[in-house]
Novice: 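Have a look at this one.
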Amino acid sequence: MVLENNVKVAGLLHLIKGHMEDENQLGHYVNFSLKQDTPCEDGRVRHDFLRMRAYDLEIQEWVKSQAEGTPIRVQGEAKSSLGSGEMYILVRNIEKL
């Protein structure tokens, strides 16, 4: 059985206020979101916020040094939290667009 779990998304950096950093059995991580604005057929714009987790120290520091709304591209893996089952993207690489 071959598993492939690669995610590549782009949007705007959304910093989560108040609960940006946390820790679990895998270690210390930084929470943030990637905001995507999708036009709907009726003219409205749908705002989606995709939850991200970064365990890599260099990525954590890079995210914390960026401004809200910075255009970014993230590559990683889709995961679910062991405790809550909440879906997130485990960030393996991030870049400014």
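FYI, side chains are in, hydrogens and waters are out, and symmetry mates aren't considered; it's all heavy atoms of this structure.
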Novice: Are L97 and L34 co-members of a hydrophobic cluster defined by side-chain heavy atoms under 4.5 Å apart?
Specialist: no
Novice: With hydrophobic residues grouped by side-chain heavy-atom distances under 4.5 Å, do L12 and I72 end up in a single group?
Specialist: no
Novice: Please check: side-chain N/O of N93 versus main-chain N/O of Q75, any donor-acceptor pairing under 3.5 Å?
Specialist: no
Novice: Should we count CD of Q25 as having more than 12 external heavy atoms under 6.0 Å?
Specialist: yes
Novice: Kindly work out whether a path of hydrophobic side-chain contacts (I/L/V/M/F/W/Y, heavy atoms less than 4.5 Å apart) joins V9 to Y55.
Specialist: no
Novice: Taking all atoms of both residues into account, what is the closest heavy-atom pair of I59 and R92, and its distance?
Specialist: CD1-O, 3.6 Å
Novice: Looking only at non-hydrogen atoms, find the nearest pair between S80 and M87 and report the distance.
Specialist: CB-SD, 3.6 Å
Novice: Measure the CG-CE distance between L13 and M52 for me, rounded to the nearest 0.5 Å.
Specialist: 9.5 Å
Novice: If the threshold is 4.0 Å, N to carboxylate O, is there a salt bridge linking K35 and E68?
Specialist: no
Novice: Establish whether I89 and M20 are linked, either directly or via other cluster members, by ILVMFWY side-chain heavy-atom contacts under 4.5 Å.
Specialist: yes
Novice: Answer yes if the side chains of H47 and Q36 hold a donor-acceptor pair under 3.5 Å, and no otherwise.
Specialist: no
Novice: Please determine whether the number of non-hydrogen atoms from other residues, nucleotides or ligands lying under 6.0 Å from atom NZ of K17 exceeds 12.
Specialist: yes
Novice: Tell me, do S33 and I16 make a side-chain contact under 4.5 Å, heavy atoms counted?
Specialist: yes
Novice: I need the E4 CD to E77 CD distance, nearest 0.5 Å.
Specialist: 11.0 Å
Novice: Rounded to the nearest 0.5 Å, how far does CG of N31 lie from CG of L15?
Specialist: 11.0 Å
Novice: Is there a path of hydrophobic side-chain contacts, each under 4.5 Å between heavy atoms of I, L, V, M, F, W or Y residues, that connects V7 with Y29?
Specialist: no
Novice: Would you call H28 and Q60 a side-chain contact if the rule is heavy atoms closer than 4.5 Å?
Specialist: yes
Novice: Working to the nearest 0.5 Å, report the span between CZ of R53 and CG of L26.
Specialist: 8.5 Å
Novice: Looking at Y88, is R51 sitting on its ring face, NZ or CZ under 6.0 Å from the six-membered ring centre and within 45 degrees of the normal?
Specialist: no
Novice: Quickly, which of I94, V91, D56 forms a side-chain contact (heavy atoms from CB on, under 4.5 Å) with W62? Name it, please.
Specialist: I94
Novice: Looking at E23, I'd like to know if its CD atom is crowded, meaning that more than 12 non-hydrogen atoms belonging to other residues, nucleotides or ligands lie closer than 6.0 Å.
Specialist: yes
